[in-house]
Amino acid sequence: MRLPHPRGPLSAAVIDVLRGGDPAALPQSFDAPDDALIDDDLQLALWTMYELHYRGFEGVSDRWEWEPRLIQLRNQLEAVLLTALRAMVVVPADARRVADRLRGLVEADDGPSLSRYMQTRADRSQWLEFVAHRSIYQLKEADPHTWAVPRLPVKAKAALLEIQLDEYGGGNPALMHSELFRGVLAELGLRTEHGGYIDVVPGITLAITNVMSMFGLNRALRGALVGHLAAYEMTSSEPCRRYAKGLRRIGGSDAACVFYDVHVTADALHEQLAAHDLCGGLAEAEPELTEDIVFGAAVCLAVDARFAAHVLDSWAAGASSLRTADDSLLAVS
Ligand SMILES: [Fe+2]
Ligand SMILES: [Fe+2]
């Protein structure tokens, strides 16, 4: 993919290095933003550095992945983001089993329902926006959680692999969930390449993937990573049923809707595996990670709620939820 356009001094400095600039020019310190979760510059800087660990960028050397000064800046930005998340999400002490605590969190979640809106009210242009947002994560669906595989004890590892095998299409490239999502983009006439909408999505959309990457790339946060996955799976099946209905309502074909259709059944199973075998298995083997597991789940729900509120509030105000109101940016070039 192409390098994104910078959004401020942090992302500009990172992108400049990747274009061949001097890493010594990276900022040694910076003022923490008021709201790290939605800060365009911080989120894009992090997203760009994380991408070096995934597919990288066209014309950018793979060797930048472990450049010490980039890693140092990444650590600093992660500390700011993690502090913001810990302040945003307070997890009360609770003696119940971890699976029951996760279920309790999901049942108490009262975030705005984007899926209900998409099912019953969203028009075609709102669907285009929604899918453009989602493309940032969905085109590498499951990849951030895969970082956990070598870090888990046996029972939890087996559960994660069972989930991930489905996410990756059981070995069939056409059934890989990221590929099924590419079908949604294609049907709606949108760009299908990874990161095609990176320049038009706001900080909160980047934060959704950044949080997963941060949890995934730091072994110390493996508890939060599997908790995050559990909450993701536990809040997927029913919303995907609504998304499928909404996409069909605006004329989506069965071939395009298959991305949502498969998640209705797959995630009904994945949520059990994730809560009981993955999170339960990790908490059993490493009980000191229990609070982090619950923290990761709570973060997943809170960040998703913030994203949904951003999209729905933008639309309620008659505005675009993207960084530009120029719909032509949604067209395939
Ligand atoms: Fe999936
Ligand atoms: Fe799943």
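Whatever order the structure lists ligands and atoms in, that order sets their numbers, starting from 1.
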Report whether any nitrogen, oxygen or sulfur of Asp267 sits less than 2.8 Å from the Fe ion (ligand 2) (N, O or S, backbone or side chain).
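Yes, since at least one N, O or S atom of Asp267 sits under 2.8 Å from the Fe ion (ligand 2).
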Under a 4.0 Å threshold between the charged nitrogen and the carboxylate oxygen, would Glu141 count as salt-bridged to Arg182?
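Looking at Arg182 and Glu141, the cut-off is not met.
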Shortest-distance N/O/S atom, His263 versus the Fe ion (ligand 1)
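Checking each N, O and S atom of His263, the shortest distance to the Fe ion (ligand 1) belongs to NE2.
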Name whichever N, O or S atom of Glu167 ends up nearest to the Fe ion (ligand 1).
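Nearest N/O/S atom of Glu167: OE1.
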For the Fe ion (ligand 2), the closest N/O/S atom belonging to His270
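Going by distance to the Fe ion (ligand 2), the closest N, O or S atom in His270 is ND1.
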Aromatic contact between Tyr54 and Trp47, with the criterion being ring centroids under 6.0 Å apart: yes or no?
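No: the rings miss the under 6.0 Å criterion.
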Parallel under 30°, tilted from 30 to 60°, perpendicular over 60°: which one fits the rings of Trp66 and His53?
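Perpendicular: the ring planes of Trp66 and His53 meet at over 60°.
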What class does the angle between the rings of His228 and Tyr232 fall in, given that below 30° is parallel, 30 to 60° is tilted and above 60° is perpendicular?
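Ring orientation, 0 to 90° scale: parallel.
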Could you please compute the angle at the Fe ion (ligand 1) from OE2 of Glu141 to ND1 of His177, rounded to 10°?
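My answer is 110°, to the nearest 10°.
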Do Tyr197 and Thr205 pair up side chain to side chain, a donor and an acceptor below 3.5 Å, judged on atom types alone?
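No, no side-chain donor-acceptor contact under 3.5 Å.
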